[in-house]
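Below is one structure, written out as structure tokens; the observations come after it.
Quick caveat, the model's predicted, so the values are computed rather than measured.
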There are 2 protein chains.
Amino acid sequence: MSLPHAILTALLEKPSSGLELTRRFDKSIGFFWSATHQQIYRELGKLEQSGLIRALPQLPSRGQRKAYEVLPQGRAALVDWIAESQDPKTAREPLLLRLRAAAVVGAPGLAAELERHLALHERQLAEYLEIEERDFPVEKAADENRLQHLVLRAGIGMEAFWIQWLTEALAGPLAVASAGPVPGALTGPAAMPQAE
Amino acid sequence: MSLPHAILTALLEKPSSGLELTRRFDKSIGFFWSATHQQIYRELGKLEQSGLIRALPQLPSRGQRKAYEVLPQGRAALVDWIAESQDPKTAREPLLLRLRAAAVVGAPGLAAELERHLALHERQLAEYLEIEERDFPVEKAADENRLQHLVLRAGIGMEAFWIQWLTEALAGPLAVASAGPVPGALTGPAAMPQAE
DNA sequence: TTATGCATGTAAGTCGTTACATGATTTT
DNA sequence: AAAATCATGTAACGACTTACATGCATAA
């Protein structure tokens, strides 16, 4: 149930139309919770029906843009959600899954993928650092911005972690000892010192 | 499409029944791709119908346990998947969303959540380190285990990152300057230096 | 023989993704 | 007027979650 609350937060920051929200989800909010415009429109409809937001009186300018604002009920729902007890979900990392699979059947082509991911993470880190420099300059470290800055620091830390890990992974051999990529040659299932 | 390949990997490591897979997904594999038994049974059915795995001749012992093994086609499908080009998905971190929401409407109850998460991550890290000590002792750093060890190192690194970040977050003030938790008092939408 | 646990499964609903549809406005 | 773009939306599917159902084996 994160999407509706992400939308409430975005609308509190600034009342917006569906498309404007979509644009904003491509940037800051979407760094930690992406959403397509279809999801957003559907969720806006639900939120309006639930009485948590309402459409602002139409500005009859261009297009049919409908802007929404958060109602007191919506704000209250958001406050409740913040304090809810939610366990961290077990991570879903297809890349690690692929590494583990490569340990069993061989790893041709995997190094290229790791390098590609490394480049992507480096680009993302650069983008985060740019935002930090722009919005949270060292000279004015204010307490009011602390939460926003913490969110950004989390993004920076995660990217830095992946870059370090991928670099370490690419530094050593990726091939597995016995198993080749030959489809027919089944390796023995027994010799797995991996944790179960 | 990660779950079927996670299952193929698990079955290559050791042919198993649905429940055995469920147990194993609660442990090693599930650290990076969790799955419930319902998902697993459904996926086993699909994989069998696709001719990627087959049920082993019944051991008529207790219960109705059906064990599956991977067929050459399944192994080939896994090899292909490893080399596929898959972009890293944008992270989904509800906790960061909640921080961002707290920056807008206030943060009562958030500190308790952060502390709870910190404890959970510390426990998880301890578990990973225990596994590392058991399965990858320093004296026998072999290349054959390198991929499995890398996967585990990723888990360790992620937990370490969260612990560090949460500690840093809890070290400072979490309250937001102006906004209280009062549902009716809407704050101005303008003053957001946050990146958009 | 009831109860408890094991093992496999069905059903329903939500969330997310991909592809397509529609009307309005701006550009050529 | 035709084409491109903007803005909102529908439809269909697949993945995941939660709750429930069933048959079998062992234990009380």
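Classification of the B:His121-B:His117 ring pair by plane angle, with boundaries at 30° and 60°, yields tilted.
If you take CD of B:Gln39 and P of D:dC16, they are 5 Å apart, rounded to a whole angstrom. For the pair B:Ile40 CD1 and D:dA15 P, the interatomic distance rounds to 15 Å; values are reported in whole Å. Straight-line distance from the CD atom of A:Glu43 to the P atom of D:dG9: 14 Å, rounded to whole Å. Atom P of nucleotide D:dA15 and atom CD1 of B:Ile7 are separated by 11 Å, given to the nearest angstrom. Regarding A:Gln38, its CD atom lies at a distance of 9 Å from the C1' atom of D:dG9, rounded to whole Å. We find that CG of B:Leu21 is positioned 17 Å from P of C:dC6, with the value rounded to whole Å. Distance CZ (A:Phe25) to P (C:dT17): 12 Å, rounded to an integer number of Å. Atom CG in A:Asp87 sits roughly 11 Å away from atom P in D:dT18 (whole-Å rounding).
Checked against C:dT17, D:dT8, C:dT8, the side chain of A:Tyr41 finds its nearest nucleotide in D:dT8. Of the candidate nucleotides C:dA7, D:dC16, C:dC15, C:dC15 has the atom lying nearest to any side-chain atom of A:Met1. Between D:dT18, D:dA15, C:dA7, one nucleotide has an atom nearer to the side chain of B:Thr36 than all others, and that is D:dT18.
Taking side-chain N and O atoms only, A:Ser17 has a distance below 4.0 Å to OP1 or OP2 of D:dT8.
Here B:Arg23 does not pair with B:Glu20 in a salt bridge; the nearest charged N to carboxylate O distance is not below 4.0 Å.
Where A:Pro4 and B:Tyr68 meet DNA chain C, the nucleotide closest to each residue was compared, and B:Tyr68 sits on the side nearer the 5' end. Summary of the strand contacts: B:His37 and B:Lys46 both lie near DNA chain D, and taking for each the nucleotide with the nearest heavy atom, the more 5' one is attributed to B:Lys46.
Other residues, nucleotides and ligands contribute only 12 or fewer heavy atoms inside 6.0 Å of the CD atom of A:Glu130.
Closest approach of B:Ser2 to B:Trp81, counting heavy atoms only: OG-CZ2, 3.9 Å.
Atoms CD1 and OG1, from B:Ile163 and B:Thr167 in turn, are 7.0 Å apart once rounded to the nearest 0.5 Å.
Under 3.5 Å, the side chain of A:Arg42 and the base of C:dG16 form at least one donor-acceptor pair of N or O atoms.
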